[in-house]
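Report on the structure given below.
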Amino acid sequence: MAEQTGPVLAGPGAKKDVPLITSLPKLTPEQQEALNRAKKYAMEQNIKSVLVKQTLAHQQQQMSNLQMAAQRQRAVALMCRVYVGSISFELREDTIRQAFLPFGPIKSINMSWDPVTMKHKGFAFVEYDLPEAAQLALDQMNGVMIGGRNIKVGRPSNMPQAQPVVDQIMEESKGYPRIYIASIHSDLSAEDIKSVFEAFGNIKSCMLPTESVGGKHKGYGFIEYDKMQSAQDAIASMNLFDLGGQYLRVGRAFGLNIITPPSVSSSAPGGLPPAAAVAAAAATAKIQALDAVAAPTSGLGFSTTPGLMTTTLANTAGLLGAPQLGLLNMPQAVMASNAAGVITGVTPIRPQIPTVTVTSAQTAAALTAAAVSAASGNPAALLAAAAALAAQGGSADDIKKKLEQELPQSISEQENMTISGSSARHMVMQKLLRQEESNVVVLRNMVGVEDLDDDLEGEVTEECGKFGAVNRVVIYQERQGEEEDAEVLVKIFVEFSETQEADRACDALNGRWFGGRMVQAEKYEQSKFDASDLSG
């Protein structure tokens with residue numbers, strides 16, 4: 001019987017016990033430095049990619065706006081022309097001009113002539129300076145008898161390709177309470193016209209364009225009412241009204257932005273300012289990076305460290321060194337849970353932070369903009385982003401008031417604000433919805449790094465226990481820069497059971513001397529403390 005010699009190896013398909021990974025190995029300083037460089041490079045590339053996408057989208061939008069404006073301009077040019085058919089062969093151009101001049105200034109009249117008979121072919125094209133004049137002539141001159149024949153007036157035959165744009169312009173004009181008035185006597189002034197037409201309603205403006213030489217008006221004008229019904233009544237009553245020996249021609253006027261539609265004219269021509277575009281791209285890239293990092297780790301059951309998994313905008317200072325964005329020059333905070341040699345109290349397992357469901361892309365963009373604006377200390381942009389959230393519940397005024405209450409007042413507070421992915425978005429939403437009470441007090445300048453020892457936690461717990469029940473004490477070292485010799489500040493966080501206990505401790509300890517140092521005690525946001533964000 002043969003005996004087996006040598007080691008037994010597990011081949012393909014063999015079952016083997018794999019030990020469960022419970023924690024990640026601690027990185028060496030060299031590995032941590034390499035990881036930070038990789039994060040910085042990845043963030044720079046991500047921001048560049050987002051900026052390129054934003055630039056392409058902006059260029060495409062501008063091109064679309066230009067094409068739309070060109071289409072409307074061609075449509076308006078066609079709207080200024082009318083076709084006149086069934087003209088008597090005995091009539092000349094001056095007779096056609098005289099018949100169509102009361103509707104507005106005529107730019108040109110084109111009559112086709114037969115070189116054999118030396119007579120026109122029975123039709124002509126009249127081009128006005130204004131589309132309103134052409135529309136009035138189209139409405140009132142079709143079927144009128146001139147020279148013994150009923151003329152036919154209509155749109156030129158090359159109108160069908162522009163008809164959709166023309167229909168859009170006509171539909172938009174129904175919402176404008178403006179009227180067009182032609183055949184105004186030369187001796188009448190704008191005040192005379194206003195006094196006649198104000199009987200139909202309150203007039204916001206009355207304008208009679210004047211000649212460059214002489215200062216007289218051109219025989220037509222525009223009146224804008226504050227109500228649409230007033231404009232309709234004026235058209236119905238004053239058309240063909242004899243004023244000063246001339247019959248007025250009154251019709252509907254098109255909008256002031258006839259060439260550029262409202263959707264285009266309302267947008268800023270230059271798009272986002274460069275600083276705003278860079279900040280928006282940085283925020284977008286950061287959120288994408290956070291989501292990408294959090295997705296694979298959430299399914300493995302690992303306990304991720306906030307300082308390790310959160311990428312801050314400070315790493316992109318080389319690319320985005322805009323002087324007005326103080327957030328980008330912030331040093332990266334070292335979290336208490338992963339700082340080397342830090343002394344912390346026993347921290348129980350914290351309940352998970354409830355997530356905020358985003359119902360639309362607009363709301364997500366508004367939340368991100370609100371977080372970026374709060375971090376950069378831009379109250380105006382923060383209020384504008386908050387107004388977009390009003391559609392999700394509550395009025396914009398209420399949201400603005402709540403945001404104004406939460407805005408940081410000092411420059412240092414503005415610079416020390418951070419964005420931490422979904423946790424920061426959750427905290428922004430909490431600020432918008434309610435004023436949060438906190439049971440946490442932060443003690444600054446109580447001890448230095450050289451004073452840290454194993455007894456400090458017990459001493460703080462005993463001292464703060466005089467004001468109420470202490471749940472936990474967290475001692476946090478915060479490096480003020482990325483240099484090796486950067487200053488390290490020690491902050492001590494004390495969580496009480498009740499808000500009143502925290503208030504008593506804050507009042508008693510603030511300004512108190514401890515070991516030759518004057519302690520600075522203040523309340524700390526509960527939401528940040530629960531999210532392990534100790535950088536505030």
Side-chain angles (χ1 to χ4, degrees), residues 67 69-171 173 180-186 209 211-214 216-222 235 239-240 242 245-254 258-259:
Q67 292 176 353
Q71 291 177 356
R72 293 174 71 93
Q73 190 170 8
R74 287 193 295 268
V76 170
L78 291 175
M79 290 173 64
C80 292
R81 302 183 70 203
V82 295
Y83 165 81
V84 184
S86 189
I87 302 174
S88 174
F89 294 105
E90 305 300 327
L91 298 181
R92 294 293 182 264
E93 180 179 322
D94 55 350
T95 305
I96 301 297
R97 181 180 296 274
Q98 184 179 1
F100 283 84
L101 188 58
F103 302 99
I106 296 177
K107 182 182 293 186
S108 64
I109 297 179
N110 183 13
M111 301 185 70
S112 299
W113 292 86
D114 190 333
V116 178
T117 61
M118 296 303 294
K119 293 182 179 181
H120 62 77
K121 298 180 180 180
F123 66 92
F125 292 96
V126 179
E127 184 176 2
Y128 287 94
D129 288 337
L130 304 170
E132 289 88 351
Q135 185 64 39
L136 271 180
L138 186 66
D139 295 337
Q140 300 183 19
M141 289 300 290
N142 187 36
V144 173
M145 182 175 290
I146 300 179
R149 301 180 68 173
N150 295 327
I151 61 174
K152 297 179 180 179
V153 181
R155 296 288 186 187
S157 59
N158 57 350
M159 281 291 291
Q161 69 271 24
Q163 194 60 43
V165 182
V166 174
D167 293 340
Q168 181 182 1
I169 295 175
M170 297 291 290
E171 188 66 25
S173 67
Y180 168 75
I181 309 169
S183 189
I184 301 175
H185 197 281
S186 59
E211 299 282 358
S212 57
V213 180
K216 286 191 174 184
H217 63 76
K218 298 181 179 181
Y220 68 92
F222 297 91
I235 293 174
N239 187 39
L240 297 178
D242 187 352
Q246 293 184 192
Y247 291 101
L248 296 180
R249 311 289 176 151
V250 184
R252 188 171 56 193
F254 301 112
I258 184 173
I259 299 298

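If you're wondering where the values come from, they're calculated on a predicted model, not measured in any experiment. All residue numbers refer to positions in the sequence shown, counting from 1.
- By the 4.5 Å heavy-atom criterion applied to side chains, R252 and E132 are not counted as neighbours.
- Between the side chain of Y180 and the backbone N or O of P131, no donor-acceptor pair lies under 3.5 Å.
- Heavy-atom contacts from other residues, nucleotides or ligands closer than 6.0 Å to CZ of F125 number more than 12.
- The two residues P102 and A182 have their closest heavy-atom pair at O-CB, 3.3 Å.
- The 12-atom threshold is not exceeded at CD of Q98, counting heavy atoms of other residues, nucleotides or ligands nearer than 6.0 Å.
- In terms of modelled atom types and a separation under 3.5 Å, the side chain of H120 and the main chain of E93 share no donor-acceptor contact.
- A distance of 4.5 Å separates CD of Q140 from CG of N239, quoted to the nearest 0.5 Å.
- Listed for the E127 side chain is no donor-acceptor partner under 3.5 Å among the backbone atoms of K107.
- Checking L130, L136, I181 one by one against Y220, the side chain to side chain contact (heavy atoms under 4.5 Å, CB included) holds for a single residue, L130.
- Two residues are said to be in side-chain contact when any heavy atoms from C-beta on lie closer than 4.5 Å; F103 and V82 fail this criterion.
- Nearest heavy atoms, V166 versus A75: CG2-CB, 4.0 Å.
- Minimum interatomic distance between G104 and A133 (heavy atoms only, all atoms of both residues): CA-CB, 3.8 Å.
- With values rounded to the nearest 0.5 angstrom, H185 atom NE2 is found 11.0 Å from L248 atom CG.
- Note: N150 CG to M141 CE = 11.0 Å, rounded to the nearest 0.5 Å.
- One finds the SG atom of C80 at 12.0 Å from the CD1 atom of I106 (value rounded to the nearest 0.5 Å).
- Contact check for K121 versus M111: no side-chain heavy atoms found under the 4.5 Å cut-off.
- Between T117 and F89, every side-chain heavy-atom pair lies at or beyond the 4.5 Å cut-off.
- Annotation: the span from E171 atom CD to Q168 atom CD amounts to 9.5 Å, rounded to 0.5 Å.
- Within the 3.5 Å criterion, the main-chain N or O of V153 finds a donor-acceptor partner in the side chain of N142.
- Side-chain contact between I87 and I96 is present, with at least one heavy-atom pair separated by less than 4.5 Å.
- The two residues A253 and S173 come nearest to each other via the heavy atoms O-CB, 3.9 Å.
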Please report the C-alpha distance between K119 and E90 in whole Å, then the side-chain angles of each, then the deciding distance to 0.1 Å, and finally whether the side-chain contact (heavy atoms from CB on, under 4.5 Å) criterion is met. CA-CA 8 Å; K119 293 182 179 181; E90 305 300 327; 4.1 Å; yes
Stepwise side-chain contact (heavy atoms from CB on, under 4.5 Å) check, F254 with M170: CA-CA 7 Å; F254 301 112; M170 297 291 290; 3.3 Å; yes
Where do S112 and F123 land on the side-chain contact (heavy atoms from CB on, under 4.5 Å) test, with the steps shown first? CA-CA 7 Å; S112 299; F123 66 92; 3.5 Å; yes
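- In this structure, the separation between NZ on K152 and OH on Y83 is 7.5 Å, given to the nearest 0.5 Å.
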